[in-house]
**Q** 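This is the structure, below, for whatever I ask next.
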There are 2 protein chains.
Amino acid sequence: MTSRQNRQRDRAERGIPEATVARLPVYLRALTTLQDGGVATVSSEELATAAGVNSAKLRKDLSHLGSYGTRGVGYEVEYLVYQISRELGLTQDWVVAIIGVGNLGRALAGYGGFASRGFRVAGLLDADESIVGEEISGMTVEHIDRLEDMIADHGVSIAVIATPAGAAQVVCDRVVAAGVTSVLNFAPVVLSVPEGVDVRKVDLSIELQILAFHEQRKAGGPGDYDPVADDGAPPGATQYVEAVVEA
Amino acid sequence: MTSRQNRQRDRAERGIPEATVARLPVYLRALTTLQDGGVATVSSEELATAAGVNSAKLRKDLSHLGSYGTRGVGYEVEYLVYQISRELGLTQDWVVAIIGVGNLGRALAGYGGFASRGFRVAGLLDADESIVGEEISGMTVEHIDRLEDMIADHGVSIAVIATPAGAAQVVCDRVVAAGVTSVLNFAPVVLSVPEGVDVRKVDLSIELQILAFHEQRKAGGPGDYDPVADDGAPPGATQYVEAVVEA
DNA sequence: TTATGTGAAAACATTCACAGCT
DNA sequence: AGCTGTGAATGTTTTCACATAA
């Protein structure tokens, strides 16, 4: 089965697993790298290795998009790049606003990954008057008062929040009220948003804590070199810091 | 059952689910916020709301650490903060090295979240001679040649890689060879590491692409305004951008 | 009475292993 | 002969619903 014509509807029938969606960008990056290297065709085994997954998972993931490979051969790189881009919505441009121009906001403004894959930064906004007007990566920082205007004028559909923790929810409420339904949050707070709004979170501190957990487990195993041999300190002995983390 | 004495071994018997580990830092943050607000006791319902999960999940997660609540009452905030901190390995200090002092590296160096929760930055390293010696957030940037020395001298156990994509694997190989077994990678590449080394990845571009996917689905529903209405373009018709994303 | 802790059920995700197509 | 695509099996995570304890 699976005639050429109804590939698109066969699978992808409203509903690619979330775990798969999260891996598609990784596949896409591996594919574009191969493409830059002049590779025209790739097997699931090769692509899986490049993407850091196993081949069964890769094939299952791709099968949710449709039947884009050739048995006995593999996948045509260019075709697959196009199909994944399309599935992810990267064949159209998305307009992004960056709110909060501290260290992180500046880093984001200069990040090459925005421009290069269909994400256009409409502008940078900050509440701090002393920063407003400053030129960063070819953009002039605007006052946060301009937020709603900018969203409307430029058709912003993704808001990147890089403010301090205390300002994040207020900013989030404003962008949502202005019609934005996708938010990428770098502030270390749990944002609450109405139904239908997507929030994704990038949190350095959380990643470090997860690493620490595993690191501790390794060190705790029997027989380890343990340079600064610290025992299981008694409760209360360690002055564990309570300060709330801020962006 | 579950006498006071063997709480620790009862559950947590080698093996907290990974999904739970990933949420513990979120609970911890919610708890410290409550603590700062003077709250002494919290119910699973309240804490779950603050952490952005449902209460059943929260209770199941906490049950993997032990039985730290009181039926009919809730959890003692301070006690739970300590237990989670301990489980995550935050009652000891972890030494971090940041490699790559571009925009992102600078942002990371100035990030409050490091110092405030048991993560100490041993130093900043970069290959660019013109940056070496520069003072950033109270630290002097050192040359990448010093990498192995720094890891040995300061007992670095977590490496934060914030280099361009092209340098990331080489840097990773070096830190692993020097004995580091936990890596936080900001470069947009899949790092390959030997068994026993943990890598976590933070990738802005991937997060944006996941948001774009969902945004597209929303817009794609029947009856929508669809600003740049793009049909199912034939393969090859669209000049989709191929540029590799870089940090 | 109230809210935790947890078996059991359901949903979701990964891996296996091979039929089927090129 | 080789590699995809996929049912079936296995493993993990979430949710349900209630016995249990304060």
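A, B, ... follow the sequence lines: proteins, then strands. Residue 1 opens every chain. Since this is a predicted model, take the numbers as computed values, not measurements. Only heavy atoms go into these numbers, but all of them, side chains included; no hydrogens, no water, no symmetry mates.
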**Q** For B:Leu62 and D:dT15, give me the distance from atom CG to atom P, rounded to whole Å.
**A**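 So the CG-P distance, B:Leu62 to D:dT15, works out to 15 Å.
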**Q** For A:Glu45 and A:Thr49, which I'm curious about, is there any donor-acceptor pair between the side chains at under 3.5 Å?
**A**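 Per modelled atom types, A:Glu45 and A:Thr49 side chains form no pair under 3.5 Å.
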**Q** Taking only N and O in the side chain of B:Ser67, is any of them less than 4.0 Å away from OP1 or OP2 of C:dG5?
**A**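 Yes.
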**Q** With a 4.0 Å cut-off on N to O distance, would you call A:Arg217 and B:Glu87 a salt bridge?
**A**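 A salt bridge links A:Arg217 with B:Glu87.
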**Q** Between C:dA13 atom P and A:Arg23 atom CZ, what is the distance in whole Å?
**A**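 Whole-Å distance recorded here is 9 Å.
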**Q** Looking at D:dT20, I'd like to know if its phosphate oxygens (OP1 or OP2) sit under 4.0 Å from a side-chain N or O belonging to B:Arg59.
**A**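 No, no such contact exists.
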**Q** Let me know the distance between CG of A:Asp61 and P of D:dT4, rounded to the nearest Å.
**A**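 Nearest whole value for this atom pair: 14 Å.
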**Q** Tell me: CG of A:Leu65 to P of D:dT6, nearest whole Å?
**A**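 It works out to 12 Å between those atoms.
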**Q** How close or far is atom P of D:dT4 from atom NE2 of A:His64, stated in whole angstroms?
**A**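 Going from A:His64 (NE2) to D:dT4 (P), I get 17 Å.
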**Q** Is the backbone of B:Gln216 close enough, under 3.5 Å, to the side chain of A:Trp94 for a donor and an acceptor to pair up by distance?
**A**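 No, the answer is negative, given that no donor and acceptor are paired below the 3.5 Å cut-off.
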**Q** In Å and rounded to the nearest 0.5 Å, what is the CZ to CG distance from B:Arg200 to A:Leu211?
**A**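 Here the interatomic distance stands at 6.5 Å.
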**Q** What nucleotide, of C:dT15, D:dT4, C:dT22, holds the atom closest to the side chain of A:Lys57?
**A**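 Selected nucleotide (nearest to the side chain): C:dT15.
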**Q** Which residue is it: B:Tyr79, B:Tyr75, B:Tyr82? I am looking for the one with a ring-ring contact (aromatic ring centres under 6.0 Å, His included) to B:Tyr68.
**A**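 Of all the options given, the one that passes is B:Tyr79.
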**Q** Starting at CG of A:Leu58 and ending at C1' of C:dT14, how long is that distance when rounded to a whole Å?
**A**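 Answer to the nearest Å: 13 Å.
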**Q** Counting only non-hydrogen atoms, which of residues 39-52 of chain B are less than 4.0 Å from DNA chain C?
**A**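 Close to the strand are B:Ser43, B:Ser44.
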**Q** From the set C:dG5, D:dG5, C:dT14, return the single nucleotide nearest to any side-chain atom of A:Ala19.
**A**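 Selected nucleotide: C:dT14.
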**Q** I'd like to know if the side chain of A:Glu215 pairs up with that of B:Ser157 as donor and acceptor (distance under 3.5 Å, no hydrogens or angles considered).
**A**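 B:Ser157 and A:Glu215 do not have a side-chain donor-acceptor pair below 3.5 Å.
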**Q** I want to check one thing: is the phosphate of C:dG5, taken as OP1 and OP2, less than 4.0 Å away from some side-chain N or O of B:Tyr75?
**A**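 Yes, because at least one side-chain N or O of B:Tyr75 sits under 4.0 Å from OP1 or OP2 of C:dG5.
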**Q** Report the residue (A:Ala56 or A:Thr70) whose heavy-atom-nearest nucleotide on DNA chain C is the more 5′ of the two.
**A**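 Per heavy-atom nearest nucleotide, the more 5' residue is A:Ala56.
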**Q** Select one nucleotide: of D:dT15, C:dG20, C:dT15, the one nearest the side-chain heavy atoms of A:Asn54.
**A**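 The closest nucleotide is C:dT15.
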**Q** Over how many whole Å does the gap from A:Arg71 atom CZ to C:dC18 atom P extend?
**A**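 Checked: the CZ to P distance equals 16 Å.
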**Q** Between D:dA22, D:dA8, C:dT6, which nucleotide gets closest to the side-chain atoms of A:Lys60?
**A**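 Taking heavy atoms from C-beta onward, the closest nucleotide is D:dA8.
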**Q** Using the side-chain hydrogen bond (donor to acceptor under 3.5 Å, both in side chains) definition, which of the options B:Arg59, B:Lys60, B:Lys57 pairs with B:Ser44?
**A**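 Single pass found, and it is B:Arg59.
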**Q** Tell me the interatomic distance from A:Glu18, atom CD, to D:dT12, atom C1', rounded to whole angstroms.
**A**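 So the two atoms are 17 Å apart, to the nearest Å.
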**Q** Looking only at side-chain atoms of A:Pro17, point me to the closest of D:dT15, D:dT4, C:dA13.
**A**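 For A:Pro17, the side-chain atoms sit closest to C:dA13.
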